[in-house]
Amino acid sequence: MKTTETTAPVPAESGMTVTKTGAPTEAPSREKKEGTVLNVFSHGVLVIWAFMVVMPLLWAVMTSFKDDRSIFSSPWSLPDELHFSNWSRAWTQANMSDYFLNTILVVGGSLIGTLVLGSMAAYVLARFDFPGNRFIYFLFIGGMSFPIMLALVPLFYVVNNMGLLNTIHGLILVYIAYSLPFTVFFLTAFFRTLPTSVAEAAFVDGASHSRTFFQIMLPMAKPGLISVGIFNFLGQWNQYMLPTVLNTDPDKRVLTQGLVQLAVSQGYKGDWSGLFAGLVMAMLPVLAAYIVFQRQVVAGLTAGALK
C-alpha cells in the first residue's frame, strides 16, 4: 500500500515567497527595484561628472578657432568661421614649437629614466630579502610625502653647484628624482604579485639576474609599467614649479612656461585666440596618451589586486 506524505503549509513572511518545497525565498522584485534605483543614481552621477569634465575641454577647443571679437561677444556659440591662423600664429610667433620640442625632450628622457631606474629598484625591493630592505622601501614612501616646495631653494643651489642649471639634462635628472618615490611604491606592489616560479625556472636554466629581469620579469610587468608611466607622463608634462625655478633660459622653456609667457606678453593686445590655441596644443598630447593607453592603465591598476 503506497502512502504519501503531506507537509503543512508554512506561512510566508512579509517580502518572502514560498516554493513548492516549502522553503521561503526573498522576493526578487525588491532586489530588482533596489538595483534599478542604484543604477539610475550611479549613472546620473557619472553623467554629471562627465559633463563637468568634457564641457570645459570642448569649450577650449571651440574657442581656439574663434577670433578675439567672437570670444567676448558670443562665448558659448559655435565659431562662424574656423580661424586656423590662431594655431599657426601660436605655433610660430609665440614660439610654441620650441617649447613643444623642449618639453618632449625633457619628459621623454625623464620618463625613460624613471621607468628604468624605478623598475630596477622596485624589483630588488620586492624579490630579494636583505638587511635594510624595509628601511629603503619606507624611505621611498617618505619621499612621496615630502612637499617639493620645501626643497626648491636647496635644490636650486645643488643644481647650480653641479653646473646643471638652465640645462635640459639637469631638468631631466630633477624630474627623475621627483618621480622615483611613487614609481618605486607602485611597481614594488606590482612585482610582488608576479609568480615566482617563472623566475626560478629561469635561474635553473642558467639565466643571470639581469637577464631574468630584462627578458622575463620586465615584460610580465608591462601593464604596471604602462600605468605608472601614464601617471608620470601627466605629472611631468604639466609640471610648472620645477622648470620655473631651475630653467630660466628663455630658449629652453617648456610648454607650461611658454603658456604663462604667452599670457603675460600679451599686455593690452589681448591675443586670446592664440592663447587658447596654445592651450589646446599643450592639452592634446595628454588626451591622446590616455585615450591610446586607457585599457592598459585600467589593467595595470587592477592587476595588482589579483594574485
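Sequence positions, counted from 1, serve as the residue numbers for this chain. All values below were derived from every heavy atom in this structure, side-chain atoms included, with hydrogens, water molecules and symmetry-related copies excluded.
- In this structure, the side chain of Asn166 engages the main chain of Thr248 through a donor-acceptor pair within 3.5 Å.
- Side-chain contact of Ser70 with Asp67: a donor-acceptor pair under 3.5 Å is present, judged by distance alone.
- Under the 3.5 Å distance criterion, the side-chain polar atoms of Ser74 are left unmatched by any main-chain donor or acceptor of Ser77.
- A donor-acceptor pair under 3.5 Å is formed between the side chain of Asp68 and the backbone N or O of Ser273.
- For the atom pair Arg253 CZ and Thr244 OG1, the distance stands at 9.5 Å (nearest 0.5 Å).
- Linking Ile, Leu, Val, Met, Phe, Trp and Tyr residues whenever their side-chain heavy atoms come within less than 4.5 Å leaves Phe146 and Val159 in two separate clusters.
- Cluster annotation: Leu225 is connected to Ile112 through the hydrophobic network of ILVMFWY side chains, with a link wherever side-chain heavy atoms come within less than 4.5 Å.
- Side-chain N or O atoms of Asn86 include one that pairs as donor or acceptor with a backbone N or O of Lys66 at under 3.5 Å.
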Could you go through residues 212-219 and list every donor-acceptor pair under 3.5 Å that involves a side-chain atom there, pairing it with any protein atom two or more places apart or in another chain?
unit_1	atom_1	unit_2	atom_2	d
Thr212	OG1	Ser208	O	2.7
Gln215	OE1	Arg211	NE	3.1

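- With ring centers used as reference points, Tyr99 lies 6.0 Å or more from Trp237.
- With sequence neighbours left out, Phe191 forms a ring pair (Phe, Tyr, Trp, His ring centres under 6.0 Å) with Tyr123.
- In this view, Thr196 satisfies the side chain to side chain donor-acceptor pair (under 3.5 Å) rule with no residue, not counting sequence neighbours.
- Using the six-membered ring where Trp is involved, His209 and Phe128 have ring planes that are perpendicular, over 60° apart on the 30 and 60° scheme.
- Within a 6.0 Å sphere centred on CZ of Phe135, other residues, nucleotides and ligands contribute 12 heavy atoms or fewer.
- Every residue two or more places apart in sequence or in another chain that forms a side-chain contact (heavy atoms from CB on, under 4.5 Å) with Leu117 is listed here: Ile176, Leu180.
- Because its NZ or CZ atom is not both nearer than 6.0 Å to the ring centre of Phe190 and within 45° of the ring axis, Arg127 does not count as a cation-pi partner of that residue.
- With sequence neighbours left out, the side chain to side chain donor-acceptor pair (under 3.5 Å) criterion links Gln236 to Ser110, Ser179.
- Evaluation of the salt bridge (Lys or Arg N to Asp or Glu O under 4.0 Å) test over residues 85-106, restricted to residues two or more places apart or in two chains, returns Arg89-Asp271.
- In the displayed structure, Phe185 atom CZ is contacted under 6.0 Å by at most 12 heavy atoms of other residues, nucleotides or ligands.
- Asp249 places a side-chain N or O within donor-acceptor distance of the main-chain N or O of Asp251, the cut-off being under 3.5 Å.
- Other residues, nucleotides and ligands place more than 12 heavy atoms under 6.0 Å from the CE atom of Met144.
- The environment of Asn161 atom CG is dense: over 12 non-hydrogen atoms of other residues, nucleotides or ligands sit within 6.0 angstrom.
- Within 6.0 Å of CE on Met120 lie no more than 12 heavy atoms contributed by other residues, nucleotides or ligands.
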